[in-house]
J.: 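Got a structure for you, written out below as structure tokens; questions coming shortly.
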Amino acid sequence: MANKNRSAEKAAFWRLAVTEFERSGLTVRAFCVREGLAEPSFYAWRRTLQKRRAPQSQTADAPELVPVKVIESSGSPANCDAPSRLLEIVTPTGFTLRFPPEIERQQLGALLSAIAGCKEARIC
């Protein structure tokens, strides 16, 4: 299980790095030097991520946007006795994720990226 989590974290890291590279306007070499990345690893991960995206729509260059509704709630989940504030994400298919509001942005980003990578790889 640990290897699977580590692999998902690595994929999320490289997905973010490739996205940042595409926005940077730099050459691969300049970007890798600036970010302290190994150029061969960058190329390998970019190729891997492109292959994972390939089965999806070939015409969709932009990421899929989903509606998000932000609501304020101080209620408690059904299985808890004490009132609790939660960050809740509900997908269009009804899948619900709940997090404590103290979750760090980086943790939440990595988790959501891993979930998105799971969907891209069609393993979940």
J.: Mind checking what makes side chain to side chain contact (heavy atoms under 4.5 Å, CB included) contact with L16, not counting sequence neighbours?
T.: E20

J.: Honestly curious: do Y43 and V18 fall in one hydrophobic cluster under the side-chain, below-4.5 Å linking rule?
T.: yes

J.: Shared ILVMFWY cluster between V33 and V28, side chains joined below 4.5 angstrom?
T.: no

J.: Scan for salt bridge (Lys or Arg N to Asp or Glu O under 4.0 Å) pairs involving residues 101-112, sequence neighbours excluded, and state none if there are none.
T.: none

J.: Return the CZ to CG distance between F99 and L108, rounded to the nearest 0.5 Å.
T.: 5.5 Å

J.: State, to 0.1 Å, how close T27 and A30 come at their nearest heavy-atom pair, and which atoms those are.
T.: OG1-N, 3.1 Å

J.: Does A44 have any side chain to side chain contact (heavy atoms under 4.5 Å, CB included) partners at least two apart in sequence or in another chain, and if so, which?
T.: R47

J.: According to salt bridge (Lys or Arg N to Asp or Glu O under 4.0 Å), does anything in residues 106-115 pair up with another residue at least two apart or in another chain? List the pairs.
T.: none

J.: Between A38 and W14, what is the shortest heavy-atom contact and its length?
T.: O-CH2, 4.5 Å

J.: Could you tell me which residues satisfy side chain to side chain contact (heavy atoms under 4.5 Å, CB included) with T19, sequence neighbours excluded, listed by chain and number?
T.: R23

J.: Determine the minimum heavy-atom distance between A17 and F42, stating which atoms define it.
T.: O-CE1, 4.3 Å

J.: Begin with the C-alpha distance, continue with both residues' side-chain angles, and end with the deciding distance and a verdict on side-chain contact (heavy atoms from CB on, under 4.5 Å) for F21 and R46.
T.: CA-CA 10 Å; F21 161 73; R46 184 171 69 170; 3.5 Å; yes

J.: Could you work out, with salt bridge (Lys or Arg N to Asp or Glu O under 4.0 Å) as the rule, every residue matching E39, not counting sequence neighbours?
T.: R29

J.: Closest heavy-atom contact between A12 and A110?
T.: CB-O, 4.3 Å

